Trainee: 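First, the structure itself, so that you have it in front of you.
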Amino acid sequence: TKNYEYILTSKPAEGVALITLNRPKALNALSTPLFTELNEALAELDADDSVGAFVLTGSGRAFAAGADIKEMKDKTYNEVYQNRFLEDWGKLTSVRKPIIAAVNGFALGGGCELALMCDIILAAPTATFGQPEINLGVIPGGGGTQRLARAIGKSRTMEITLTGRNFSAAEAAAWGMVSRVVPEGEGKVVEEAVAMAQTIASKGRLAVQAGKDAVNAAYEQTLREGLNTERRLFHGLFATQDQKEGMAAFAEKRKAVWKHA
Ligand code: CO8
């Protein structure tokens with residue numbers, strides 16, 4: 001993988017791509033150049049057959065403290081509307097492979113929204129979430145009001161969005177927004193996320209992709225449509241070698257060897 005200015009990429013374990021936001025002096029404020037690099041790295045690694053899952057994390061005191069306020073502050077309505085400001089920030093949600101957010105420190109505004117765009121969130125005890133946009137005279141613009149409402153419910157989302165108060169890793173866990181809080185220790189949350197990503201990457205890729213697509217359907221479709229989507233994806237997997245292998249391996253009491261085909 002190539003060298004970037006605002007992110008770091010590595011392959012810390014078999015099948016795992018780790019992307020680290022690397023603008024620590026600005027608390028990983030999400031500037032346009034940072035997002036351009038992030039999208040480029042995601043596209044490259046999503047197409048890389050050696051990668052089965054991603055971990056996305058921050059550095060220093062932050063996962064990401066939001067969109068870059070200094071970049072945004074002088075923009076006009078005409079400019080943001082005509083240029084569809086922030087539209088390509090959602091590209092992350094069309095990545096095929098699962099993305100685990102390992103959240104350390106501040107995940108505010110666009111940083112919280114970025115975590116919510118990922119498939120699984122693990123939090124360090126230091127993680128601090130929030131949508132402080134109201135304090136800047138705006139509202140969340142990267143899906144915060146929608147994804148947060150689905151993750152933690154209306155009343156809490158209203159409170160967070162309208163008061164701008166931050167919430168802790170413990171609250172995020174109690175509200176079901178994060179899978180769990182990983183106990184302290186230097187880099188611990190990233191280690192846990194990498195281990196989880198490695199587990200996911202060790203499965204058949206087609207089934208993993210179908211699983212991700214099916215769960216995401218729960219956020220896009222009615223129950224009836226979602227159940228139909230799930231059933232069709234389930235049926236479709238019977239066309240794969242991995243289904244034959246997985247079920248044969250069970251019957252023969254041996255470990256499956258996935259062909260990702
Ligand atoms: N943008 C630009 N620079 C930032 C940002 C930011 N969001 N956050 C921090 N920085 C910079 C600071 O300006 C400072 O730079 P410098 O050293 O040059 O003065 C440096 O990072 C360190 O920050 P602080 O000195 O402020 O550190 P503190 O520990 O005192 O405070 C805080 C930490 C509380 C996190 C504070 O920095 C803060 O409030 N930051 C802004 C948080 C915020 O309002 N975020 C929301 C931004 S709006 C937004 O995200 C819209 C979402 C759009 C959609 C995105 C889709 C993904």
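Atom set for the values below is all heavy atoms of this structure, side chains included, hydrogens, waters and symmetry mates excluded. These numbers were taken from a predicted model, which means no experiment stands behind them. Quick note: residue numbers are just sequence positions, from 1. Indexing begins at 1, ligand by ligand and atom by atom, following the structure's order.
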Trainee: Would you say Gln209's side chain and Arg96's backbone share a donor-acceptor pair under 3.5 angstrom?
Mentor: no
Trainee: Could you tell me whether Phe234 and Phe238 have their ring centroids closer than 6.0 angstrom?
Mentor: yes
Trainee: I need the Ser31 OG to Ile69 CD1 distance, nearest 0.5 Å.
Mentor: 12.5 Å
Trainee: Can you list, by chain and residue number, every protein residue with a non-hydrogen atom closer than 4.0 Å to ligand 1?
Mentor: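 Shell around ligand 1 (4.0 Å, heavy atoms): Lys25, Ala26, Leu27, Ala29, Arg61, Ala65, Gly66, Ala67, Asp68, Ile69, Lys70, Met72, Leu86, Trp89, Phe106, Leu108, Gly109, Gly110, Glu113, Met117, Pro132, Glu133, Leu136, Gly141, Gly142.
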Trainee: Would you say the side-chain atoms of Lys255 pair up with the backbone N or O of Phe250, donor to acceptor, closer than 3.5 Å?
Mentor: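 Such a contact is absent between Lys255 side chain and Phe250 backbone.
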Trainee: Which side-chain N or O atoms in residues 167-182 pair as donor and acceptor under 3.5 Å with protein atoms at least two apart or in another chain?
Mentor:
from	atom 1	to	atom 2	distance (Å)
Ser168	OG	Ala170	N	3.4
Ser168	OG	Glu171	N	3.1
Glu171	OE1	Arg165	NH1	3.3
Glu171	OE1	Ser168	N	2.9
Glu171	OE2	Arg165	NH1	3.2
Glu171	OE2	Arg165	NH2	3.1
Arg180	NH1	Glu192	OE1	2.8

Trainee: Just checking, is any N or O donor in the side chain of Asn104 or Thr126 under 3.5 Å from an acceptor N or O on the other one?
Mentor: no
